[in-house]
Amino acid sequence: MSYELFDLEISPYKPAKEHCFNEEASLFFNGETSHLVRDRLNESLDTVFQSLSERNTPFSGKHHNELWELIKNIDLSKPQQCFQSTLDELKTLYLNDTFLFHDQQYLAHLNCPVFITAIAAELISTCLNTAVETWDQSAGATHIEQMLINRFTKHIGFETEADGVFTSGGTQSNLMGLLFARDSICFKINQWNVKQNGLPSYANRLRILTSEHSHYSIQKSAALLGLGKNSVVSIKTDSQFKISTKELKQTIKKLEHQGLIPFAVIATAGTTDFGSIDPISTIAQICDKHNLWLHVDAAYGGALLLSKKYKHWLAGIEHANSVGIDFHKTFFQPVACSAFFLKDKNNFKFISHHASYLNPLLDEIEGIPNLATKSLQTTRRFDALKLWLSLRHLGEEVIGTALENLIHLIRRAYLLFSSESRIDVITPPQLTTLVFRFLPQDASLTLEELNNINRGIRQTLYESGKTLVASTAIDCHQYLKITLLNPLTTLQDLQDALITIVKTGNSIHQSHILNRSRL
Ligand SMILES: *Cc1c(COP(=O)(O)O)cnc(C)c1O
């Protein structure tokens, strides 16, 4: 054998001497490095807990420029001497400032505290670096994901032809729902094969219907699918921010009359802002009558499936053609953990591709399960393991009950906030959000000033880092929003938050008045 061809140097690669590590063997996870892995993990966890012990707010309040100044001056060409210094550096660059979703004053977005069991699962699958795209890279992991998919297709109420796959989130699930809807309508209309031939001549007449408060990823998906954002027709909602089915019916007729082709309806089971759940049963009947694909975006409300008390809010979901559920929201799983479900698994043919190195057709014929055939992704983390370990160790009821408690807490928060004269709550809550604004009794305030005060409240709270709320705008009116996803949050926490919000609102209002009198 001649090695000349490769100009090989026989001496193996050695990491630079000055580094803490001095053996290549000590760099990698393997059966021999147990003590090193434990040491690194302990040091990492100690650093995290040390940083947490020095903090008492969900956010430090630092401006992004301030952190960028620190981070941009790191010289990536010069590695740190030892691991502990690397961790100490990370403390100042990230840990000391980052958002703490487990803090009871974190009330802003749909981020959840995570089950400790799920962290253990993350650790296990990361050590082994399992990738679930094919059986020959994952073994039992493929079956574990499939078991969870089967379990949730049952919870949804789908029959045996159903199937699904884990996704990166509700965004990808919405994209998949619309992709299958598009390809199946094209096939129905003239046996058009989009996968093979691209979009048909009538593509610009295809229309998607969804509520004006559905997730922005629907517009984004329409754009990515070549249908354009204009293909998405927004349907008005009622006073509870649920889609108006009357309006939906009328719009379908109107579009058909105009020679357009409505082909899909996206119902939202828990809108991001209001937690409102569209009337799925009625929508399903309309879809059935007009032959429309129904996708239910249950990214937020999916865990209702595990609640005995409120599962009926999702009634009709079993009639959907596809469903998306985010486990990284109401199931208390670390990001990312999410899944997409199809009522009829035959539709997966619209995205299936066979690569000879990965998931050859022969595998399929022999019955070897390769999940890549159902996924938009190739290399994919074993995200199912966190949900699996959580369910095996804690059970489904823990999740359902936690969500029920949060729903009950937001109702009490609604009563509390509504009883404050300077707070205007837009509507009673449904899932776990409350949308409201600071509204002082001051007839001289213009809408713009009022909006500025509410924007100012959110900004001031962020800068203090103490209580974090989100904001949203409805018909040019600026609102604030709290989202509950932390089962440890108490009514007292919300009372504290309310006091802070009103106090901040008052002081911004006063300074507005002062500024005005100076002009
Ligand atoms: C969060 C959310 C999404 C997006 O999900 P990601 O996991 O962030 O991609 C979609 N729809 C609704 C209703 C959501 O609340």
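Sequence positions, counted from 1, serve as the residue numbers for this chain. When a ligand or atom number is given, it counts from 1 through the structure's own listing order.
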Taking atom types as modelled and ignoring hydrogens, do the side chains of Q105 and T467 form a donor-acceptor contact shorter than 3.5 angstrom?
-> yes

Kindly confirm or rule out an N or O of T272 lying under 3.5 angstrom from an N or O of ligand 1.
-> yes

Top protein contact for atom 9 (O) of ligand 1, by heavy-atom distance | T171 OG1, 2.6 Å

State the atoms of ligand 1, each with its element, that fall below the 4.0 Å cut-off from a heavy-atom position in A299.
-> 2 (C), 3 (C), 10 (C), 11 (N), 12 (C), 14 (C)

Specify side chain, backbone, both or neither for Q172, according to which of its non-hydrogen atoms lie closer than 4.0 Å to ligand 1.
-> neither

Would you mind running through ligand 1 and noting each atom that sits below 4.0 Å from a heavy atom of L110?
-> 15 (O)

If you measure only the distance, is there a donor-acceptor pair under 3.5 Å linking the side chains of Q104 and T489?
-> no

Answer yes if the side chains of S217 and H215 hold a donor-acceptor pair under 3.5 Å, and no otherwise.
-> yes

Closest to atom 4 (C) of ligand 1 among protein heavy atoms sits H215 CE1, 3.3 Å

Between D273 and T472, is any side-chain donor less than 3.5 angstrom from a side-chain acceptor?
-> yes

Under 3.5 Å side-chain donor-acceptor pair for T490 and D493 = yes

Run the contact test for T271 against ligand 1 with a 4.0 Å cut-off on heavy atoms, strictly below, and give the result.
-> no

Is ligand 1 under 4.0 Å from a heavy atom in the side chain of D297, in the backbone, in both, or in neither?
-> side chain

Just by distance, with hydrogens left out, do T134 and N370 show a side-chain donor and acceptor under 3.5 Å apart?
-> no

For K329, the ligand 1 atoms with a heavy-atom partner under 4.0 Å come out as 1 (C), 2 (C), 3 (C), 4 (C), 5 (O), 14 (C), 15 (O)

N/O to N/O below 3.5 Å, does that happen between H328 and ligand 1?
-> yes

Compute the minimum heavy-atom distance from G270 to ligand 1 and say whether it is under 4.0 Å.
-> yes

Can you check whether F341 and H295 have ring centres sitting under 6.0 Å from each other?
-> no

Just go through C337, G170, S338 and tell me whose heavy atom is the nearest to atom 6 (P) of ligand 1.
-> G170

N/O separation below 3.5 Å, D326 to ligand 1 = yes

Is the closest side-chain donor-acceptor distance between Y300 and T432 under 3.5 Å?
-> yes

Would you say the side chains of K249 and Q285 form a donor-acceptor pair under 3.5 Å?
-> no

